[in-house]
Amino acid sequence: MAYLGNSARTREVLSKYGMSAKKKFGQNFLIDSNVLDGIVTASGVTDKDCVLEIGPGIGSLTQYLAEAANKVVAVEIDKSLIPVLADTLSEYNNVTVINEDVLKVNIDAIVEEYNNGKPIKVVANLPYYITTPIIMKLFESGAKIESITVMVQKEVADRMVMGPGNKDYGSLSLAVGYYAKASKVMDVSPSSFIPQPGVGSAVVKLLRYDEPAVKVNDEKYMFEIIRTAFNQRRKTLSNALSNNKSLKVTREQVQDSLKNMGLNELARGETLDLEQFAQLSDSLLPHFTKN
Ligand code: SAM
């Protein structure tokens, strides 16, 4: 089987099956062998690894992964692609395709079943409409995942890797930074896909920490603070947080905590780093639990 990762083969396969890319599933197929190579190289996948691929499409990236890895488990939501994958991946005996919504599968069970509970690597050209829910599910599932190397919308890649003071810094930067060290691997132009997406793309690598980057007494409370802070970016933290009744804090209490941390009491969320959000959360938590 010739590689699919070029426009002629991709069009041929789609026309053989009378198919076209489905917008509702975020289908943009990779047709650039340099990008496919670049993703696999950046992922660091070796013949000892088990890879979870999300959204194999017609199998373009899957072929490269099957050659580099010991085992590939690919989860694809689109039922009509299952016979296509059986055809395009017929030469590989180390690929298992699961027809499921990745947001509904039990990632932990996949790690157990296919890699005896040893950490896996996630590699994917993600459907852009659900990038954040997928990334958060991978982290929050607690499943043993060593790294996540994924193609995402360029703007989302920027939000993942930025720190305080940057316009792209926000709750996604902090959520990702809590679990992993994020770095951008490469920018990818729309011409590397069929059909071309309306936005630029980039590959990011998230290398998971053994332990979260900061210690915090109540993770959920901290993330509610972070979400609130960036939902109302232009407001001071004391206004934003006291407006969200579910946090159960007053403006004065937030200002006191900020002052005690040596910060300006009129600080906005975008100036705080993860460590400072953890400190702020721990300092406000007693008000929440008391009320
Ligand atoms: N990997 C292929 C490639 O690079 O050419 C296709 C990538 S395409 C951007 C995203 C893929 O994810 C599509 O095959 C789409 O059907 C699949 N997909 C979309 N939503 C999904 C979901 N919730 N669970 C699993 N797969 C999904």
Side-chain angles (χ1 to χ4, degrees), residues 36-57 59-77 85 89 92-127 130-152 156-157 160-161 172-186 202-216 219-220 223 274:
L36 286 158
D37 259 335
I39 296 173
V40 177
T41 305
S43 73
V45 166
T46 72
D47 58 6
K48 308 249 176 321
D49 285 313
C50 176
V51 174
L52 169 63
E53 185 190 6
I54 296 158
S60 316
L61 177 58
T62 325
Q63 290 184 330
Y64 280 69
L65 291 170
E67 289 186 6
N70 176 44
K71 173 82 196 160
V72 181
V73 181
V75 178
E76 173 57 61
I77 196 171
L85 288 163
L89 301 173
Y92 302 97
N93 59 11
N94 60 344
V95 180
T96 300
V97 175
I98 300 175
N99 182 203
E100 281 255 33
D101 178 346
V102 71
L103 294 177
K104 294 191 183 140
V105 290
N106 183 338
I107 309 277
D108 226 6
I110 290 182
V111 177
E112 276 306 322
E113 180 172 354
Y114 295 98
N115 208 31
N116 297 320
K118 294 193 304 289
I120 56 157
K121 290 178 175 158
V122 175
V123 185
N125 170 17
L126 287 179
I130 41 167
T131 300
T132 303
I134 292 176
I135 300 282
M136 293 324 292
K137 172 171 180 170
L138 292 172
F139 284 139
E140 287 169 358
S141 71
K144 289 191 186 126
I145 294 170
E146 189 180 322
S147 62
I148 302 173
T149 308
V150 281
M151 177 87 71
V152 297
V156 174
M160 286 184 188
V161 303
L172 184 63
S173 331
L174 287 153
V176 166
Y178 182 67
Y179 294 105
K181 181 170 169 36
S183 54
K184 198 200 261 194
V185 174
M186 60 178 156
V203 178
V204 286
K205 181 166 186 179
L206 314 177
L207 197 58
R208 192 178 183 139
Y209 298 129
D210 293 336
E211 297 289 331
V214 296
K215 279 206 161 37
V216 63
E219 201 175 280
K220 249 180 95 186
F223 280 114
L274 181 60

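Here the structure is a predicted model, which is why all the values come from computation and not from measurement.
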Hey, what's the ring geometry for Tyr179 with Phe139, parallel, tilted or perpendicular (30° and 60° as the breaks)? parallel
Go through Ile120 and Asp49 one step at a time and tell me if the side chain to side chain contact (heavy atoms under 4.5 Å, CB included) criterion holds. CA-CA 7 Å; Ile120 56 157; Asp49 285 313; over 6 Å; no
Does [X] reach the side chain of [Y], with side-chain heavy atoms less than 4.5 Å apart?
| X | Y | value |
| --- | --- | --- |
| Val203 | Thr149 | yes |
| Val150 | Ile134 | no |
| Asn125 | Leu36 | no |
| Ser43 | Lys121 | no |
| Leu89 | Val97 | yes |
| Ile135 | Leu206 | yes |
| Thr131 | Met160 | yes |
| Leu138 | Ile54 | yes |

Shortest non-hydrogen contact between [X] and [Y], atoms and distance:
| X | Y | answer |
| --- | --- | --- |
| Ala143 | Asp108 | CA-OD1, 3.5 Å |
| Val156 | Leu172 | CG1-CD2, 3.8 Å |
| Val102 | Lys137 | O-NZ, 3.1 Å |
| Val95 | Ala66 | CG2-CB, 3.7 Å |
| Ala69 | Val51 | CB-CG2, 3.8 Å |
| Pro56 | Leu85 | CG-CD1, 3.7 Å |

Give a yes or no on whether the backbone of [Y] and the side-chain of [X] come within a donor-acceptor separation of less than 3.5 Å.
| X | Y | value |
| --- | --- | --- |
| Lys144 | Val111 | no |
| Asn115 | Pro119 | yes |
| Asn99 | Glu76 | yes |
| Thr41 | Gly38 | no |

Could you measure the distance from the [atom1] atom of [X] to the [atom2] atom of [Y]? Nearest 0.5 Å is fine.
| X | Y | atom1 | atom2 | value |
| --- | --- | --- | --- | --- |
| Leu207 | Lys181 | CG | NZ | 8.5 Å |
| Phe223 | Glu140 | CZ | CD | 7.5 Å |
| Glu146 | Cys50 | CD | SG | 11.5 Å |
| Arg208 | Ile148 | CZ | CD1 | 7.5 Å |
| Asn94 | Asp47 | CG | CG | 10.5 Å |

Pair Tyr209 + Tyr178: ring centers closer than 6.0 Å: no
Take atom NZ in Lys184; do more than 12 heavy atoms of anything else shown fall under 6.0 Å from it? yes
Going through the distances and angles, do Gln63 and Leu61 end up as a side chain to side chain contact (heavy atoms under 4.5 Å, CB included)? CA-CA 5 Å; Gln63 290 184 330; Leu61 177 58; over 6 Å; no
Report the C-alpha distance between Val72 and Thr96 in whole Å, list the side-chain angles of each, state the deciding distance to 0.1 Å, and finish with yes or no for side chain to side chain contact (heavy atoms under 4.5 Å, CB included). CA-CA 6 Å; Val72 181; Thr96 300; over 6 Å; no
Glu53 and Leu65: CA distance, side-chain angles, deciding distance, side chain to side chain contact (heavy atoms under 4.5 Å, CB included) verdict: CA-CA 9 Å; Glu53 185 190 6; Leu65 291 170; 4.1 Å; yes
